[in-house]
Amino acid sequence: MFCSSFQIPIPSVPVFQPSTPIPERLEAVQRYIRELQYNHTGTQFFEIKKSRPLTGLMDLAKEMTKEALPIKCLEAVILGIYLTNNMTTLDRFPISFKTHFSGNYFRHIVLGVNFGGRYGALGISRREELMYKAPVFRTLSELIFDFEEAYRRCWHTLKKVKLGHCVSHDPHSVEQIEWKHSILDLDKLTREDFRKELERHARDMRLKIGKGTGPPSPTKDRKKDVSSPQRGQASPHRRNSRGDRRPSGEKKPADSKAMPDLNGYQIRV
């Protein structure tokens with residue numbers, strides 16, 4: 001009689017001892033994300049709205065761990081935040097890339113991390129060199145230049161880098177993630193100016209952390225009193241208008257409200 005009890009093994013969510021060093025924890029988180037595998041099916045299993053409060057995104061991340069389905073890069077970022085929430089000495093911030101290849105534009109996103117003054121990244125991609133980066137880079141610009149070189153090896157030209165601010169470690173916060181605090185257009189910046197703007201953003205994050213970001217993050221119990229999260233000081237390359245959200249040359253969906261935020265984050269190389 002044919003046995004139909006074959007089951008695909010489900011990756012185990014990493015559990016850490018208090019003494020486990022942060023770099024080892026990051027490697028374990030990346031292994032877990034990798035074990036879920038990249039979603040090549042063409043079907044989006046999880047709809048992520050980047051405007052949702054952090055608490056809602058963390059609930060979705062918990063669902064991802066239960067379903068253990070293949071994911072794409074934006075889902076990997078949400079999972080990375082969820083799985084590192086208890087690493088309070090680790091700073092996390094989103095890094096988005098826009099590249100050009102063979103007449104088309106592509107988007108990708110990873111979760112930047114900073115531990116002990118060293119930068120790295122968590123994420124998933126079709127390309128090994130466009131996901132995990134151990135926290136060994138002395139500056140944010142070194143990390144971004146490493147990604148740029150990886151893109152160059154894939155015949156992609158880096159066009160824009162969008163950097164968010166540090167994400168709260170409070171899983172119940174109703175604040176929104178600040179995805180695009182700094183928008184750096186490489187067509188408008190010299191190499192040295194690009195490096196300076198990256199370091200400016202790193203300095204802004206350090207200052208925000210040093211100030212304690214003001215009062216504690218609002219939670220569900222105070223949701224009615226919460227207005228839109230206050231952004232930091234303006235940067236010369238921050239988004240100033242709605243038109244900056246979609247640079248020329250990119251195709252605009254027929255109905256942007258009906259499309260998930262993550263559809264553009266695909267690297268076909």
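Count residues from 1 along the sequence. Predicted, not measured: the structure shown is a model, and the values here were computed from it.
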Keeping [X] on the side-chain end and [Y] on the backbone end, is there a donor-acceptor pair under 3.5 Å?
X    : Y    : result
Q176 : R52  : no
E142 : R138 : yes
H169 : N85  : yes

Mind telling me whether H108 and F97 have parallel, tilted or perpendicular rings, with 30° and 60° as the class edges?
parallel
Roughly how far apart are M205 CE and H181 NE2, rounded to 0.5 Å?
9.0 Å
Under the side-chain contact (heavy atoms from CB on, under 4.5 Å) test, which residues partner [X], sequence neighbours left out?
X    : result
A202 : Y119, L140, E199, R206
N39  : T41, F45, P70, K72
T89  : I22, F115

Identify the residue among [options] that makes a side chain to side chain contact (heavy atoms under 4.5 Å, CB included) with [X].
X    : options         : value
I81  : L122, L57, I177 : I177
C166 : D204, N114, D91 : D91
T84  : V113, L79, L26  : L26

Is E129 salt-bridged to R152, cutoff N-O under 4.0 Å?
no
Please determine if E148 and R191 form a salt bridge, counting it only when a charged side-chain N lies under 4.0 Å from a carboxylate O.
yes
Compute the centroid of each ring, for F145 and then for F194, and state whether the two points are separated by less than 6.0 Å.
yes
Neighbour count above 12 (heavy atom, 6.0 Å) for E192 CD:
yes
Are V15 and L83 connected, step by step, through hydrophobic side chains (Ile, Leu, Val, Met, Phe, Trp, Tyr) whose heavy atoms are closer than 4.5 Å?
no
Run the salt bridge (charged side-chain N to carboxylate O under 4.0 Å, His left out) test on E197 and R200 for me, step by step, so that the C-alpha distance in whole Å, both residues' side-chain angles and the decisive distance to 0.1 Å come before the verdict.
CA-CA 5 Å; E197 289 300 325; R200 186 198 303 271; 3.2 Å; yes
